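Please read the structure below before turning to the comments.
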Amino acid sequence: MLCRTGKATKSNMAIKVIFKSVCGLMTAVAFTACSGGNIEGQWVESVPGMENQLQGIDLKEGGNASSINMATLQYKKWEKKGNTLILYGKSIGNHETISFSDTLSIEKLTNDELTLKKGNFTISYKKQ
């Protein structure tokens with residue numbers, strides 16, 4: 001602000017500097033909180049009953065997907081809408097192939113953890 005002499009006072013300049021710093025910090029915090037982790041990558045969990053083996057999904061750039069160690073469940077593509085992950089693919093079994101889409105709620109997403117939920121079913125992945 002300018003005083004009557006047309007010059008900025010030291011206290012007004014200090015307030016502007018503090019205000020700009022606070023605004024910058026708030027913007028950085030908001031961006032970090034919203035971004036979470038990157039959902040693209042290979043996400044795995046232990047195979048139930050065979051904890052030394054891993055299975056999961058590879059969410060590739062551009063919306064393509066593939067399964068990791070799951071021959072009967074073949075992921076083909078994915079999309080993220082807000083806190084929702086939609087997986088598309090084919091389920092193969094008993095001489096029958098069925099296309100599917102599965103809509104899951106993203107409960108947690110960090111750089112190394114992904115937790116998905118559908119109804120009472122929750123699955124936790126680690127990034128490989």
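Please read these numbers as outputs of a predicted model, since none were measured by experiment. Numbering starts at 1 and runs along the sequence shown.
Of the inter-residue distances, the one linking Q55 atom CD with W43 atom CH2 reads 16.0 Å to the nearest 0.5 angstrom.
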Less than 3.5 Å apart, which donor and acceptor atoms pair up between the side chains of residues 83-105 and the rest of the protein, not counting sequence neighbours?
{"residue": "Y88", "atom": "OH", "partner": "E79", "partner atom": "OE2", "Å": "2.5"}
{"residue": "D102", "atom": "OD1", "partner": "K118", "partner atom": "NZ", "Å": "2.6"}
{"residue": "S105", "atom": "OG", "partner": "E107", "partner atom": "OE2", "Å": "2.8"}

Side-chain donor-acceptor pairs under 3.5 Å in residues 120-128, sequence neighbours left out?
{"residue": "K127", "atom": "NZ", "partner": "N38", "partner atom": "O", "Å": "3.0"}
{"residue": "K127", "atom": "NZ", "partner": "E40", "partner atom": "O", "Å": "2.8"}

Show which side-chain atoms of residues 69-76 pair as donor or acceptor with protein atoms under 3.5 Å away, not counting sequence neighbours.
{"residue": "N69", "atom": "ND2", "partner": "L54", "partner atom": "O", "Å": "2.7"}

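A heavy-atom distance below 4.5 Å is not found between the side chains of W78 and I57.
If you run side chain to side chain contact (heavy atoms under 4.5 Å, CB included) between L109 and each of I39, T115, L116, only I39 comes through.
In this structure K77 satisfies the salt bridge (Lys or Arg N to Asp or Glu O under 4.0 Å) test with no other residue, sequence neighbours excluded.
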Residue pair K80, I106: steps toward the side chain to side chain contact (heavy atoms under 4.5 Å, CB included) verdict: CA-CA 9 Å; K80 183 178 178 285; I106 301 170; 3.7 Å; yes
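Here V47 is tied into one hydrophobic group with M50, each link being a pair of ILVMFWY side chains closer than 4.5 Å.
Judged as a salt bridge (charged side-chain N to carboxylate O under 4.0 Å, His left out), not a single pair has a partner in residues 42-66 (not counting sequence neighbours).
Pairing each heavy atom of N111 with each of G37, the nearest pair is OD1-CA, 3.5 Å.
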